[in-house]
Amino acid sequence: MSLTTSLPDVSDRMLFAVPKKGRLYDHCLGLLNNIGIEFNRKPRHDIALVSNLPIALVFLPAADIATYVAKGNIDIGITGLDIIRESQTEDDVAELMRLGFGKCKLQVQAPVANASATSAQDLVGKRIVTSFINLTRKRFAELEGVSEDKMKTQVRFVSGSVEAACGLGLADGIVDLVESGDTMRAAGLHAIDTILDTESVLITNKHMQFPEMAQIIRQRVEGVMTARRFVLCQYNIAREGLERACAITPGRQAPTVTSLEQPGWVGVSVMVEKKQLADKMDQLKLAGATDILVLQIANARA
Ligand code: AMP
């Protein structure tokens, strides 16, 4: 694949699109670092060659990445699920994995002061402002289908600061991404419907030329996500307590059990999900485990 003449030769490289700014940018740079992708991006250049893999990073607006991947101009990329759905590219892109960051909701929001708009159904036939025209039209078409008076909802596009539209008199409701809800509350709005739960996703073109390289990236990302989710827990236990302890900490596959120099005792090493850790440690203590240690996992490969 070639870009333009003044750009580096990327013909033998997998093109990997990364958001060039915005909310996903820092997360993506952190992820690239954690999966061992080394590159040097020159100022004002949107293409960077990866020095240790046959990959070229292409920095693009998050909102355009799904379209580039769907059309095959880019092989693999990171973008939001909301963007894939809004750009109607889901038939042409393969979702390799959800990445666990950029989590938020696409919601219908209405002014708190408008007591007659408490569900999205109440906004059928009214004026809605959004940057997500397609998803909004689809949602309101469903609602119009069950509405008795069959009124058409007016959906208008604005590119940003969508939450201002009701206060300024342009809209009766808005559809926008919401994370904490603070921005909406400050604008006097509240959620009356959730259209989509979204997060960032690793996607590829369904017919891309570098499936092996894409799998390597997927495995590396999976390793980083596993390392973030789990810790390694080690403890000692008398052999007769082992069965109970293993039931408490079954691990991802199975615990590693080694014999101790002390007769009748074993050492156990096992992966435990971070969010369950405190509870598991309490249970292990009750089951007779001693010297319970917790170690961070730097990286993992299943
Ligand atoms: P941006 O480049 O900042 O416009 O954001 C691009 C993507 O970030 C969105 O399409 C969402 O997938 C994701 N995102 C995550 N949290 C939020 C949020 N609170 N508001 C907007 N976008 C968000």
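When a ligand or atom number is given, it counts from 1 through the structure's own listing order.
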Legend entry - Sidechain-backbone polar pair: Lys274 side chain, Val231 backbone, donor-acceptor under 3.5 Å: no
Inset, instruction - Give the atoms of ligand 1, by number and element, whose distance to some non-hydrogen atom of Gly80 is under 4.0 Å. - result: 12 (O)
Inset, instruction - Ignoring angles and geometry beyond distance, decide whether Asp82 reaches within less than 3.5 Å of ligand 1 through its nitrogen or oxygen atoms. - result: yes
Inset, instruction - Assess whether atom CZ of Phe230 is packed by more than 12 heavy atoms of other residues, nucleotides or ligands within 6.0 Å. - result: yes
Inset, instruction - Could you tell me which atoms of ligand 1, counted from 1 in the order shown, lie closer than 4.0 angstrom to a heavy atom of Leu177? - result: 9 (C), 10 (O), 11 (C), 20 (N), 21 (C), 22 (N), 23 (C)
Legend entry - Phe16 vs Asp75 side-chain heavy atoms within contact, under 4.5 Å: no
Legend entry - Where at least one partner belongs to residues 98-129, residue pairs that pass ring-ring contact (aromatic ring centres under 6.0 Å, His included), sequence neighbours excluded: His27-Phe101
Inset, instruction - Determine, considering heavy atoms only, which of Cys104, Pro19, Ser180 sits nearest to atom 14 (N) of ligand 1. - result: Cys104
Legend entry - Protein heavy-atom partner closest to atom 13 (C) of ligand 1 - residue, atom, separation in Å: Leu24 CD2, 3.9 Å
Legend entry - Ile76 and its side chain to side chain contact (heavy atoms under 4.5 Å, CB included) partner, picked from Leu15, Leu96, Ile65, Ile203: Leu96
Legend entry - Identified side chain to side chain contact (heavy atoms under 4.5 Å, CB included) partner of Leu106 from the options Asp197, Val175, Thr198: Val175
Inset, instruction - Using a strict cut-off of 4.0 Å, indicate which atoms of ligand 1 neighbour a heavy atom of Ile83. - result: 10 (O)
Inset, instruction - Around atom 1 (P) of ligand 1, find the nearest protein heavy atom and jot down its residue, atom name and distance. - result: Arg23 N, 3.9 Å
Inset, instruction - Kindly state if atom 4 (O) of ligand 1 has a protein heavy atom within a strict 4.0 Å cut-off, that is, under 4.0 Å? - result: no
Inset, instruction - Please identify which atoms of ligand 1 are closer than 4.0 Å to at least one heavy atom of Gly102. - result: 15 (C)
Inset, instruction - Please check if the side chain of Glu86 supplies one atom and the backbone of Asn134 the other of a donor-acceptor pair under 3.5 Å. - result: yes
Inset, instruction - Just need the protein heavy atom nearest to atom 6 (C) of ligand 1, so name the residue and atom and give the distance. - result: Ala62 CB, 4.0 Å
Inset, instruction - Mark up the atoms of ligand 1 that fall under 4.0 Å of a heavy atom belonging to Gly22, in ascending order. - result: 2 (O), 3 (O)
Inset, instruction - Run the salt-bridge test on Asp182 and Arg185 with the 4.0 Å N-O cut-off and return the result as yes or no. - result: yes
